[in-house]
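Below, chains carry the letters A, B, ... as their sequence lines are ordered, and counting in each starts from 1.
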Amino acid sequence: DTGVSQDPRHKITKRGQNVTFRCDPISEHNRLYWYRQTLGQGPEFLTYFQNEAQLEKSRLLSDRFSAERPKGSFSTLEIQRTEQGDSAMYLCASSSPGGGMTEAFFGQGTRLTVV
Amino acid sequence: AQSVAQPEDQVNVAEGNPLTVKCTYSVSGNPYLFWYVQYPNRGLQFLLKYITGDNLVKGSYGFEAEFNKSQTSFHLKKPSALVSDSALYFCAVRDGYGGATNKLIFGTGTLLAVQP
């Protein structure tokens, strides 16, 4: 399978714990995005990487959130001291170079439940 | 700021009938518009996009979309609906182009229900 892969698919954690999600983009894609989707809403942008450089972070990304993309390949999204409001589907997407004309391909997401 | 609106939370259609899912947009500059579909507990699947050229864009699974600049709309259409088309559909606009982030701005989604 050459699509975007996310791990884990589901995560249940207790409030206050730290969690980390992984995303493996399509191999030739240099652009990687993280989005968050809550029930009844469209995905909301969190952060963007071009190769290993994190070029934009949404104001939705509080200090408890951090994302990395070492070596410009896979990416991780860590949430520290989780809160119930962090419960959501976290989606990763990647796209090839080509400015705004190329479509983004999404992974199946990681569903986080904070109890 | 770029934005899209999907005015219908849900669209109901009988199998075999044509379907339309509406989307309007607000952008500065030329719009890059996309449609995605989401099945339960799944990620988003790309359906089609409008960048430039013909106003009628054809995509996956028999879907097409019509770009209308004067009405700032990009409605998704299919001539004959299938029960398997039942899913959540998202319209999106790309925020910036060229050297910008190119992140997508999504609408709130429209649930399509196709009755047998």
Side-chain angles (χ1 to χ4, degrees), chain A residues 1 3-7 9-10 21 23-26 29-50 53-61 88-113, chain B residues 1-10 21 23 25 27-53 57 59-60 63 65 87-111:
Chain A
D1 184 17
V4 178
S5 177
Q6 292 188 246
D7 183 69
R9 291 289 308 279
H10 304 274
F21 309 141
C23 171
D24 287 272
I26 294 171
H29 288 181
N30 68 334
R31 295 168 182 257
L32 186 146
Y33 306 81
W34 285 98
Y35 290 82
R36 181 172 68 186
Q37 185 180 20
T38 54
L39 197 61
Q41 299 297 317
E44 296 174 294
F45 170 78
L46 291 178
T47 190
Y48 162 70
F49 290 86
Q50 185 167 313
Q54 187 175 21
L55 297 185
E56 185 175 347
K57 293 192 291 185
S58 164
R59 64 180 181 277
L60 294 176
L61 214 66
M89 175 79 89
Y90 290 84
L91 295 166
C92 177
S94 68
S95 67
S96 60
M101 295 182 288
T102 58
E103 58 270 25
F105 292 86
F106 284 79
Q108 295 197 35
T110 294
R111 182 169 295 283
L112 173 66
T113 303
Chain B
Q2 325 276 49
S3 66
V4 292
Q6 295 182 244
E8 303 156 316
D9 290 337
Q10 183 163 338
V21 182
C23 172
Y25 65 89
V27 303
S28 53
N30 294 323
Y32 291 173
L33 295 160
F34 301 79
W35 276 102
Y36 284 83
V37 60
Q38 187 175 36
Y39 296 97
N41 297 312
R42 302 291 296 273
L44 282 74
Q45 290 179 237
F46 169 74
L47 280 179
L48 50 79
K49 65 182 177 183
Y50 173 81
I51 303 300
T52 187
V57 179
S60 306
F63 284 93
L88 192 55
Y89 290 80
F90 289 97
C91 181
V93 63
R94 183 137 263 162
D95 185 15
Y97 49 91
T101 300
N102 298 314
K103 64 180 180 285
L104 291 168
I105 308 298
F106 285 89
T108 51
T110 298
L111 182 64

Problem set entry | Validation row: A:Gln37, B:Phe90 side chains within 4.5 angstrom (heavy atoms) | yes
Exercise. Can you name the nearest heavy-atom pair linking B:Gly43 to A:Leu91, along with the distance?
Worked result: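 B:Gly43 and A:Leu91 have their closest heavy atoms at CA-CD2, 4.1 Å.
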Exercise. What are the two closest non-hydrogen atoms of B:Leu104 and A:Ala104, and how far apart are they?
Worked result: CD1-CB, 4.2 Å
Problem set entry | Which atoms of A:Gln6 approach chain B - backbone, side chain, both or neither, heavy atom under 4.5 Å |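 Neither the backbone nor the side chain of A:Gln6 comes within 4.5 Å of chain B.
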For this session: Measure B:Gln6 against the heavy atoms of chain A and call it side chain, backbone, both or neither at under 4.5 Å.
Result: neither
Exercise. Checking B:Tyr50 against chain A: side chain, backbone, both or neither under 4.5 Å from a heavy atom?
Worked result: neither
Exercise. Do A:Phe106 and B:Phe46 have ring centres separated by under 6.0 Å?
Worked result: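 No - the distance between ring centres of A:Phe106 and B:Phe46 does not fall below the 6.0 Å cut-off.
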Exercise. So is B:Lys103 actually on top of A:Phe45's ring, under 6.0 Å and inside 45° of the axis?
Worked result: yes
Exercise. Can you pull the salt bridge (charged side-chain N to carboxylate O under 4.0 Å, His left out) pairs that have at least one residue in residues 43-53 of chain B, sequence neighbours excluded?
Worked result: A:Glu103-B:Lys49
